[in-house]
Q: 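Can you keep this structure in mind? I'll have questions shortly.
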Amino acid sequence: MQNQEIAKTFYEIADFLEIKEVEYKPRAYRTAAENIESLSTDIEDIHDRNELEEIEGIGESIAEKVAEYLDTGYLAYYEDLKADLPIDIEAITSVKGVGPKTAKKLYLELDVLTLEDLEHAAENGAIAELEGFGKASQQNILDRIEWAKRSQERMLLGRAFPIARSIETRLQNSDAFDRVDIVGSFRRRRPTVGDLDILATASAPEVAMEEFCTHDNVKEVLARGNTKSSVIVSGGLQIDLRIVDDSEYGAALIYFTGSKDHNITLRNRAIDHGWKLNEYGLFDVSDVDDVRGGQRVGKRIASETEPDIYDTLNTTWIQPELREDTGEVDAAAASELPDLVERSDMKGDLHLHTKYSNGSHSVREIAVAADELGMEYILITDYGPHVPTPHTLDAETFDSQQTEIKEVNDDADIAVTVLQGIEAEITDEGLEIPEDWHEACDLVVAGIHSQPSNPTEQVRIAFHEFPIDVFAHPTNRLINEHGSLDLDLNVVMETASDEHIAVEINARPERLDLDWQFIKEYRETVHYVVSTDSHMTDELDNMQLGVSQARRGWCETDNVLNTRSLDDLMAFYGK
Ligand code: DGT
Ligand code: CA
Ligand code: CA
């Protein structure tokens with residue numbers, strides 16, 4: 001899986017071309033990078049099928065570059081650009097406000113090659129001295145550098161997903177491996193992962209390790225042994241592989257799934273029984289003088305499977321998404337764990353963009369794709385006026401969209417029901433959309449895409465005075481880019497509840513907004529919807545990411561409105 005690596009290379013090419021003031025091409029490479037980054041399929045498979053040019057935004061010339069990279073592991077065009085300007089452009093421009101041209105200037109004047117160089121230059125005051133910069137922009141860089149560093153250290157779950165799946169499938173299909181599971185934060189579906197942890201069994205561990213460490217995708221081997229190895233794969237992600245004994249697999253699964261705090265709570269539960277729990281098993285150490293005398297001291301009472309261990313500890317098995325030490329062990333002991341919502345419960349998607357705003361596909365294309373995923377209904381929500389983007393609907397495009405939706409609904413070959421909606425901006429004036437749009441829309445989704453000075457009040461008033469059905473990406477955070485709106489969520493959630501407005505769990509990898517901790521906190525107060533906010537058909541599959549966050553927030557089917565049939569959904573809204 002080299003999707004991320006290629007996307008990153010194309011982002012860099014776009015930056016280098018922008019520095020050279022080449023016209024049009026930077027945009028083309030950036031679009032290609034965005035589309036490749038969001039692909040859920042392995043780009044190598046697409047190349048093998050000779051279908052690179054069928055990827056949205058990829059024409060002949062860019063397809064050739066992808067092919068060259070995949071075939072040779074090298075892209076001459078990129079290497080030439082990089083030789084001219086040997087800077088870590090991707091890292092430096094990941095600092096918000098530092099564009100490619102600024103990066104070039106910082107290189108020429110201050111020899112800034114890396115993010116670390118940039119941080120030093122800002123800390124020692126050199127940037128403020130530069131013409132056109134000053135103290136304020138230097139401080140701005142310092143403030144933003146933490147976000148940039150984080151984005152270098154933790155990969156979005158949605159970006160790690162295809163990489164993880166591809167490695168998992170490869171190892172599962174290999175004769176050298178028996179059992180294979182991805183554990184760690186990935187298994188718990190944290191919104192970002194520091195690395196991927198893989199647990200496996202193998203009859204000949206040396207052979208399995210050899211295969212793992214020498215695969216084409218491995219860029220660097222950090223450590224290599226017979227039971228544990230760490231490598232960096234294409235795209236920069238670290239993968240830790242541990243091979244354990246089959247008889248201890250359950251204990252290792254629990255240990256390496258974490259979280260660390262969940263493990264500590266479990267271990268304390270074991271200690272209360274006079275037992276010892278570690279990565280090798282659950283041991284009765286009541287007859288043992290020194291429990292520190294070894295890892296496998298005492299009498300082994302459970303270790304083969306996770307349920308064995310949880311059962312013996314007198315709790316039910318705990319879903320990995322819940323293992324964050326927020327009360328799940330006590331709930332499991334009382335048999336009161338939630339019956340978590342599942343991907344297969346989802347009947348609709350209530351936030352989708354088409355070509356009428358900045359999506360890549362038509363209403364029909366989105367409908368066909370949603371149909372294939374088995375959705376019962378979808379809500380098309382292109383941007384209304386005042387969303388800060390050039391791609392908003394106007395009277396004419398709104399009408400055309402309405403016509404197209406009707407055509408698709410009349411097409412007997414497409415089973416999914418397409419609803420007309422809108423993603424409206426909440427401004428100081430509330431929702432500034434034409435009166436007749438309200439009538440035409442089946443449901444209205446509203447959100448904030450700017451930085452108002454008092455968002456809580458703005459939201460509260462809009463909720464009271466305008467017919468809003470779903471509050472989109474409530475905090476407007478972008479993981480690894482910027483933080484949340486300064487919202488009083490208590491007020492927002494109470495008002496949403498009073499006004500019968502559902503709160504969105506946005507499934508885009510960089511949003512996953514509302515955050516799971518708040519989902520859990522407010523699940524008794526509001527109804528949620530999980531929506532993909534897709535801008536292309538490939539993104540519809542992000543539903544699983546959104547659902548995983550609802551699960552981390554302890555949501556059951558009842559907590560999530562779009563698990564309901566269309567009739568029941570509309571009944572909720574009194575429509
Ligand atoms: P990450 O990689 O930062 O996204 O988060 P994790 O949770 O995957 O953490 P990682 O990769 O350092 O370790 C994987 C699991 O191994 C972790 O979830 C729990 C377990 N583990 C690691 N170190 C410790 C430790 O010192 N104590 C305990 N109890 N468990 C640990
Ligand atoms: Ca990890
Ligand atoms: Ca790890």
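Note that ligands are numbered from 1 as they come in the structure, with each ligand's atoms numbered from 1 the same way.
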Q: Select one of side chain, backbone, both or neither to describe which atoms of Asn263 lie under 4.0 Å from any atom of ligand 1, heavy atoms only.
A: side chain

Q: Could you pull out all donor-acceptor pairs under 3.5 Å where a side-chain atom in residues 159-167 meets a protein atom, sequence neighbours excluded?
A:
from, atom 1, to, atom 2, distance (Å)
Arg159, NH1, Glu37, O, 3.4
Arg165, NH1, Glu168, OE1, 2.7

Q: Backbone or side chain, does any N or O of Gly194 fall under 3.5 Å from an N or O of ligand 1?
A: yes

Q: Suppose we only allow N, O or S atoms; which atom of Asp197 ends up nearest to the Ca ion (ligand 2)?
A: OD2

Q: Is the number of heavy atoms from other residues, nucleotides or ligands within 6.0 Å of CG (Asp558) greater than 12?
A: no

Q: Closer than 3.0 Å to the Ca ion (ligand 2), do we get an N, O or S atom from Asp240, backbone or side chain?
A: no

Q: For ligand 1, is any non-hydrogen atom under 4.0 Å from Phe186's backbone (N, CA, C, O), its side chain (CB onward), both, or neither?
A: neither

Q: Among Gly258, Ser185, Ala160, Pro191, which residue places a heavy atom closest to atom 5 (O) of ligand 1?
A: Ser185

Q: May I ask you to test the Phe283-Val297 pair for a side-chain heavy-atom distance under 4.5 Å?
A: no

Q: Would Lys260 count as a contact residue for ligand 1, given that I'm defining contact as a non-hydrogen atom of the residue lying under 4.0 Å from a ligand atom?
A: yes

Q: Looking at Leu241, Thr201, Ile198, which one forms a side-chain contact (heavy atoms from CB on, under 4.5 Å) with Phe177?
A: Leu241

Q: Between Ala202 and Ala176, which heavy-atom pair has the shortest distance, and what is it?
A: CB-O, 3.3 Å

Q: Are any non-hydrogen side-chain atoms of Thr456 and Asp486 less than 4.5 angstrom apart?
A: no

Q: Can you find a side-chain donor-acceptor pair between Ser286 and Asp284 that sits under 3.5 Å?
A: yes

Q: Heavy-atom contacts with Val193 under 4.0 Å: which atoms of ligand 1 show up? List them by number with element.
A: 4 (O)

Q: Say whether Arg188, considering both its backbone and side-chain N or O atoms, lies within less than 3.5 Å of an N or O atom on ligand 1.
A: yes

Q: Compute the shortest N/O to N/O distance between Thr192 and ligand 1 and return yes if it is under 3.5 Å, no if not.
A: no

Q: Where the side chain of Arg154 meets the backbone of Thr192, is there a donor-acceptor pair that is under 3.5 Å apart?
A: yes

Q: May I ask you to identify, for Arg267, whether its side chain, its backbone, both or neither come under 4.0 Å of ligand 1 on a heavy-atom basis?
A: side chain

Q: Looking only at side-chain N and O atoms, does Arg144 offer a donor or acceptor that is under 3.5 Å from a partner on His482?
A: no

Q: Kindly state each residue pair satisfying side chain to side chain donor-acceptor pair (under 3.5 Å) with at least one member in residues 266-281, sequence neighbours excluded.
A: Asn278-Gln295

Q: Among all protein heavy atoms, pick out the one at the shortest distance from atom 19 (C) of ligand 1; state its residue, atom name and that distance to 0.1 Å.
A: Tyr255 O, 3.4 Å

Q: Using heavy-atom distances only, which candidate in Ile182, Ile264, Asp197, Val183 approaches atom 14 (C) of ligand 1 most closely?
A: Asp197

Q: Report, in ascending order of atom number, the atoms of ligand 1 lying under 4.0 Å from any heavy atom of Phe256.
A: 14 (C), 15 (C), 16 (O)

Q: Would you mind naming the N, O or S atom of Asp195 nearest to the Ca ion (ligand 2)?
A: OD1

Q: If the cut-off is 4.0 Å to any non-hydrogen atom of Thr257, which atoms of ligand 1 fall inside it?
A: 18 (O)

